[in-house]
Amino acid sequence: MSPTDLPDPLKGVREAEDHWVQYLGRAFSDGALGVRGAALYSALSSGVDMLAGVAACRFGCRRSDHHMENVTRRLVNAVLASLRLGRAGYIDEAAGLVRVVAELSNLCQLFLRDPTMLEIWLSLSDKDRWSRFKPVAVRKHLEASGEDPVYTAANYRALCDVGVHVTPGSAVASHDLEADRLIVGPSPPIPGVLFVWTELAFAISRLLPMYADAGFVPDAHADHCVNLCAALSRAIGGGEMRVTQYNASLEWFRNQVRDADLR
């Protein structure tokens, strides 16, 4: 029996995932995401590409041990995976990876602002490394050194609630705008996708200037980096689609759906 002859009960799920990827592609092309949504994704794509260039030594190899580049690669891959999950309809799961991005963002900030911390991180045993560099310890060290962490305690905690920890509220399909339906599998509403994009864009908008200051982005690309961060900030706007505002934004969208159904 060949693999193609085996039963495949999840074939429909894969087809649904592909459907949502195509649906969002059409929504992007047709303008259904709005000017701001399109600008957000465009700037986010460029930002991820720039960080990928840092990780891959596209802007020139520093001839180092590449430890910082490897940590950056983990960050970029988490961003890319979160984008893919969101497009395929798994918003809560994409949010779980956004939390990974949050942890790596603060760690990268620590290493970029104080390279000696990277050396300490490399020198410790696994147990000691976790004790000294677990997410809460990294955040507190940044705060103690006068830095504003990319992800604060409130934002990190909100990401845990949305995408990782299971509570009575999060066990419900938190991203489902149709309260009378329970969907198992992919279902990507536009608000959920915009939430994921906004969080990822925020992290990148904060990190890119730090990479530039640390010499990972050469002067020839400095203007592009500045313009890109400005575009990300404009698209993020007042932060109404960030994680701490997510539930309120979802309720607003649900009300729009209800109002439309009543007309």
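Just so it is clear, the model here is predicted, and its values are computed rather than measured. Note that these values count all heavy atoms, side chains included, but never hydrogens, waters or copies made by symmetry. Just so you know, residue 1 is the first one in the sequence shown, and it goes up from there.
- Between Val98 and Ser82, the closest heavy-atom pair is CG2-OG, 3.5 Å.
- To the nearest 0.5 Å, atom CG of residue Leu142 and atom OG1 of residue Thr152 are 12.0 Å apart.
- Considering only heavy atoms from C-beta on, Leu124 comes within 4.5 Å of Arg132 through its side chain.
- Side-chain contact between Val48 and Leu51 is absent, with no heavy atoms from C-beta onward closer than 4.5 Å.
- Residue pairs meeting the salt bridge (Lys or Arg N to Asp or Glu O under 4.0 Å) criterion with at least one partner in residues 193-207, sequence neighbours excluded, are Asp148-Arg206, Glu199-Arg242.
- Interatomic distance, OG of Ser105 versus CG of Leu110, reported as 12.5 Å (0.5 Å rounding).
- Minimum heavy-atom separation, Ala203 to Val101: CB-CG1, 4.1 Å.
- Note: Phe111 and Trp121 have tilted aromatic rings, judged against thresholds of 30 and 60 degrees for the angle between ring planes.
- Tyr90 and Val21 fall into different hydrophobic clusters, defined by Ile, Leu, Val, Met, Phe, Trp and Tyr side-chain heavy atoms under 4.5 Å apart, directly or through other members.
- The list of salt bridge (Lys or Arg N to Asp or Glu O under 4.0 Å) pairs with a residue in residues 51-63, not counting sequence neighbours, reads Asp49-Arg58, Arg62-Glu69.
- Nearest heavy atoms, Ser205 versus Pro209: O-CD, 3.2 Å.
- The shortest side-chain heavy-atom distance between Gln109 and Leu112 does not fall under the 4.5 Å cut-off.
- Identified under the salt bridge (Lys or Arg N to Asp or Glu O under 4.0 Å) test for residues 9-34, with sequence neighbours left out: Asp8-Arg14.
- For Asn77, there are no side chain to side chain donor-acceptor pair (under 3.5 Å) partners at least two apart in sequence or on another chain.
- With sequence neighbours left out, the side chain to side chain donor-acceptor pair (under 3.5 Å) criterion links Arg99 to no other residue.
- Heavy atoms only, all atoms of each residue included: Gly37 and Trp197 are closest at O-CZ3, 3.8 Å.
- Contact detail for Leu97 and Ala78: the closest heavy-atom pair is CB-O, 4.2 Å.
- Both Leu75 and Leu122 belong to a single network of hydrophobic side chains, linked directly or stepwise wherever heavy atoms of I, L, V, M, F, W or Y lie under 4.5 Å apart.
- Shown here are the side chain to side chain donor-acceptor pair (under 3.5 Å) partners of Gln22, two or more places apart in sequence or in another chain: there are none.
- Side-chain atoms of Met68 and Pro115, non-hydrogen and from C-beta on, never get closer than 4.5 Å to each other.
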### Task
Before giving the answer on side-chain contact (heavy atoms from CB on, under 4.5 Å), spell out for Val54 and Val76 the whole-Å C-alpha distance, their side-chain angles and the decisive distance to 0.1 Å.
CA-CA 10 Å; Val54 170; Val76 170; over 6 Å; no

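- Leu118 is not connected to Trp130 by any chain of hydrophobic side-chain contacts under 4.5 Å among Ile, Leu, Val, Met, Phe, Trp and Tyr, and they are in different clusters.
- A distance of 14.0 Å separates OG in Ser145 from NZ in Lys140, rounded to the nearest 0.5 Å.
- Nearest heavy atom pair, residue Val217 against residue Ala212, reads CB-CA, 3.9 Å.
- Here salt bridge (Lys or Arg N to Asp or Glu O under 4.0 Å) pairs that include residues 117-130, with residues two or more places apart or in two chains, are Asp126-Arg129.
- A heavy-atom distance below 4.5 Å is found between the side chains of Met210 and Val150.
- Around CZ of Arg36, the count of heavy atoms belonging to other residues, nucleotides or ligands within 6.0 Å exceeds 12.
- With sequence neighbours excluded, the residues satisfying salt bridge (Lys or Arg N to Asp or Glu O under 4.0 Å) with Asp213 are Arg113.
- Linking Ile, Leu, Val, Met, Phe, Trp and Tyr residues whenever their side-chain heavy atoms come within less than 4.5 Å leaves Met241 and Tyr156 in two separate clusters.
- Under a 3.5 Å cut-off, the side chain of Asn106 and the backbone N or O of Pro149 do not form any donor-acceptor pair.
- Checked against salt bridge (Lys or Arg N to Asp or Glu O under 4.0 Å), Arg157 has no partners two or more places apart in sequence or in another chain.
- Between Tyr23 and Trp20, the ring planes lie perpendicular to each other; the angle is over 60°, past the 30° to 60° tilted range.
- We find the OH-OG1 distance between Tyr41 and Thr198 to be 13.5 Å, quoted to the nearest 0.5 Å.
- Applying the side chain to side chain donor-acceptor pair (under 3.5 Å) criterion to Thr72, with sequence neighbours excluded, gives Tyr211.
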### Task
For Lys134 and Glu103, run side-chain contact (heavy atoms from CB on, under 4.5 Å): C-alpha distance rounded to whole Å, both residues' side-chain angles, the deciding distance at 0.1 Å, then the answer.
CA-CA 9 Å; Lys134 58 188 175 184; Glu103 293 179 0; over 6 Å; no

List the atom pairs, with distances to 0.1 Å, where a side-chain N or O of residues 219-236 and a protein N or O form a donor-acceptor pair under 3.5 Å, not counting sequence neighbours.
residue: Asn227; atom: ND2; partner: Asp223; partner atom: O; Å: 3.2
residue: Ser233; atom: OG; partner: Cys229; partner atom: O; Å: 3.0

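- The ring-ring contact (aromatic ring centres under 6.0 Å, His included) pairs that include a residue from residues 60-89 number zero, where partners must be two or more places apart or lie in different chains.
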